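Below is one structure, written out as structure tokens, with a few remarks after it.
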Number of protein chains: 2
Amino acid sequence: MDISEVRERIVVTADELYNAKGIQAVGMDELRSAAGVSLKKLYGEFPSKSSIVMAVLEHRHQSWTEGLDATVQQARTPRDRLLAIFDYLAGWFCQDSFRGCGFINSFAELGAVSPEVAEYARKHKESFQEYVGRLALEAGAPAYLAPQLAILAEGAQTTAAIAGTSDAAGQARQAAEVLIDAALPAD
Amino acid sequence: MDISEVRERIVVTADELYNAKGIQAVGMDELRSAAGVSLKKLYGEFPSKSSIVMAVLEHRHQSWTEGLDATVQQARTPRDRLLAIFDYLAGWFCQDSFRGCGFINSFAELGAVSPEVAEYARKHKESFQEYVGRLALEAGAPAYLAPQLAILAEGAQTTAAIAGTSDAAGQARQAAEVLIDAALPAD
DNA sequence: TTGCATTGAGAACGAACGTTCTCTACTATG
DNA sequence: CATAGTAGAGAACGTTCGTTCTCAATGCAA
């Protein structure tokens, strides 16, 4: 078994557990047994729990960004690509494992106590805002539109997480449609 | 010193500490010394930490709701009352102590592990949605507007918290204006 | 086969936490 | 003044957690 396979299995398992129960609620022993590795191997791959947390955040960022972009690229027009953001959210919210945005959650849990985590969450959200900004630019929208759509997406995530339903995705999508049509030059 | 004074002081202190550092990062001893009470008194007033957490959530709900309504009631027209929600957020985000919505944070921290906390966060958000719904009804808006505005407000909170700026309040307010004007019968 | 390096299982350790207990000092009443 | 009850300070307890250590088992080279 490859070394990087072990790393990946640890990170993927930790991602699932941290998402399901919260980071602080999952001990190293639970992670160890869920990932099927020895404690020695765990600490051979990662020097500490917080380094696993950071690796999980990187993993989350990558898979979330890729999933979003995959959905967005299926849309044909710039306008539809902006709306596709909310289609991606809708699919995400319907998953049983959905428990809210992992970056919002980790920021809430550890942001006040771990500058690394807070900074990574900030960067993730910043990268999302830039992504929306690029899509909006391609749609010929004014600069103020992208932050508005990003805020809608953020709100949909927390609303869906706490309410336990996926309604917020559709509601945010409809709001986005109004905002986009108000911002785009009529054509 | 009145018994209820002690309770209140404990709750207020716990609210501040939990907000600043996260619930799990604040131990009973830190709370005890910050509130200036003995451990015996602490456990005389509350049977456990989780009961303090629930009392803090109730306190947060009440002060947040009252603060919001106070700002909203200063506005004269129904439309301005809807927009006043975002003025309240703007003022809140500028406070040094602002670290995001306490209900989102406590849900992220404990929601997966404590059904009480998850349920209380759900109820708080539900109550906010109903509040927005009443304001929207008074403005003569269609039913779909209120959830849209609520999602904007949620998104502004998490965006402001993670980004560390208060920009999101103004951005959300402008989006709200567009949504309101699109939804309200022209007059 | 013998000896050495590596690995896994889990015991052990130190710290932190929630909670309870002990002991001392003080207060109030007879 | 004497005494019973109360309250505060903090020691103590049991548990959990992150991390390290021990030791036996395994695989491999000579």
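Residue numbers start from 1 in every chain, and the chains themselves are labelled A, B, ... in the order their sequence lines are given, proteins ahead of strands. None of these values were measured; they are calculated from a predicted model. What you see below is based on every heavy atom in this structure, not just the backbone, and it leaves out hydrogens, waters and symmetry mates.
Ring centers of B:W64 and B:F103: at least 6.0 Å apart, outside the cut-off.
A straight line from CD of A:Q24 to C1' of D:dT16 spans 13 Å, rounded to a whole angstrom. Atom NZ in A:K21 sits roughly 10 Å away from atom P in D:dC17 (whole-Å rounding). In this structure, the CZ atom of B:R32 is 16 Å from the P atom of C:dT20, given to the nearest Å. The CG-P distance, from A:D29 to D:dT16, rounds to 12 Å in whole Å. Look at NZ on B:K41: it is 18 Å from C1' on C:dT20, rounded to the nearest Å. Spacing between atom CD of B:E45 and atom C1' of C:dT20 amounts to 17 Å, rounded to whole angstrom units. Across the protein-nucleic acid pair, B:L42 atom CG and D:dG10 atom P stand 15 Å apart, rounded to whole Å.
Side-chain N or O atoms of B:Q157 include one that pairs as donor or acceptor with a backbone N or O of B:A153 at under 3.5 Å. Side-chain atoms of B:E109 come within 3.5 Å of backbone N or O of B:I23 as a donor-acceptor pair.
Residue B:L39 has its side chain nearest to C:dT20 when only C:dT20, D:dG18, C:dG18 are considered. Side chain of B:Y43, nearest nucleotide from C:dG18, D:dG8, D:dT20: C:dG18. Closest to the side chain of B:M28, from the set D:dT20, C:dG18, D:dA9, is C:dG18. Listed nucleotides D:dG8, C:dG18, C:dG8 differ in distance to B:S38; the shortest reach to its side chain belongs to D:dG8.
Across all strands shown, B:K49 has heavy atoms under 4.0 Å from sugar-phosphate atoms exclusively, and none from any base.
Looking only at side-chain heavy atoms (C-beta outward), B:K49 and B:L31 stay at 4.5 Å or farther from each other.
Positionally, the nearest nucleotide of DNA chain C for B:S50 lies more toward the 5' end than for the other of B:K40 and B:S50.
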